[in-house]
Amino acid sequence: MKTVLLKSLLVTAVAAWLAYVYSTLPAVKDLRTKNPKSTALMELRDQEYRQKGGKSLRQQTWVPYTAISEHLKKAVLISEDAAFFSHTGVDVNELQEALKKDWETGSFARGGSTITMQLAKNLYLDPAKNPLRKAKEIVIAWQLERALSKRRIFEIYLNVVEWGENLYGVEAAARRYFAKSAAALDIHEAATLAAMLPNPRNPRASNLTRRRNLILSRLAGVGYLNPEEFNRATQTPVPKKVTTPPLLPVVN
């Protein structure tokens, strides 16, 4: 009798939670034609800057998908989500590996997030690492996949993802770090920006170079770079401007 009661209570709790999640889901269909003016992550960063006595001066310039370097698209895909164009928002194999790793380490560190899941989190959720937030991230990712094309999802991601202090989107990142447009990024610059994504506000030169070269190696492995291009790109030093964060503006 107690077992039946416990199961009933568990089912009721899960149903109630799912109903709550459903009732709070964002209207993602608007993103088909409207570019988001802000994201949950941007607003969180603004709050953090204010708490430190700083002033948030967001740098972001929206550019269409066609105005972004193919090198950058390839580098981000092979770094963050190689199966992006074949999954439906969640890479089941990668998520299983992440859950296995988290279980073994007793933490919730490895996210296993696809580009769509990262976008869901950036747009609508806080960055806290816990199972409930991850579940909501998955649900919103499925929403995005049903409502938007892959190209649109990737376009929004590349325009809102964090690339440094007060820096969002590839156009602003390309201008700050390389003094050129997102369309003009070469393969070394594209791989460098892709390498920054896991830790965009504090990229250490040695770690960044190692991750950039890994991305270049993967690109060479799939035939995107020939040996000469690979060697030239890996021998190019990472610009100091990339690893030197700007001073935080102070509120007078």
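The figures that follow rest on heavy atoms only: side chains count, while hydrogens, waters and symmetry mates do not.
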Out of K150, K121, E145, which residue meets the side-chain hydrogen bond (donor to acceptor under 3.5 Å, both in side chains) rule with T116?
-> E145
Going by an N to O cut-off under 4.0 Å, is there a salt bridge joining K52 and E165?
-> no
Without hydrogens or angle criteria, can the side chains of S79 and R218 be said to hold a donor-acceptor pair below 3.5 Å?
-> no
With a distance cut-off below 6.0 Å to the six-membered ring centre and an angular limit of 45° from the axis, does K73 pair with F84 as a cation-pi contact?
-> no
So, for V238 and T243, which heavy atoms are closest and what is the spacing to 0.1 Å?
-> CG1-CG2, 4.4 Å
Going by distance alone, is a donor N or O of one side chain under 3.5 Å from an acceptor N or O of the other, for R210 and N213?
-> no
Backbone N/O of N226 and side chain of E229: donor-acceptor pair under 3.5 Å | yes
Do you know the tightest heavy-atom contact between L185 and S69?
-> O-OG, 3.1 Å
Using atom types as modelled and distance alone, determine if a side-chain donor or acceptor of Q60 lies under 3.5 Å from a backbone N or O of N159.
-> yes
Thinking salt bridges, do E171 and R176 make one under a 4.0 Å N-O criterion?
-> no
Those residues at least two apart in sequence (or on a different chain) that pass side chain to side chain donor-acceptor pair (under 3.5 Å) with R151 are none
Please report the shortest heavy-atom distance between P237 and R212, naming the atom on each side.
-> C-NH1, 4.1 Å
Closest non-hydrogen contact found for L77 with I115 is CD2-CD1, 3.8 Å
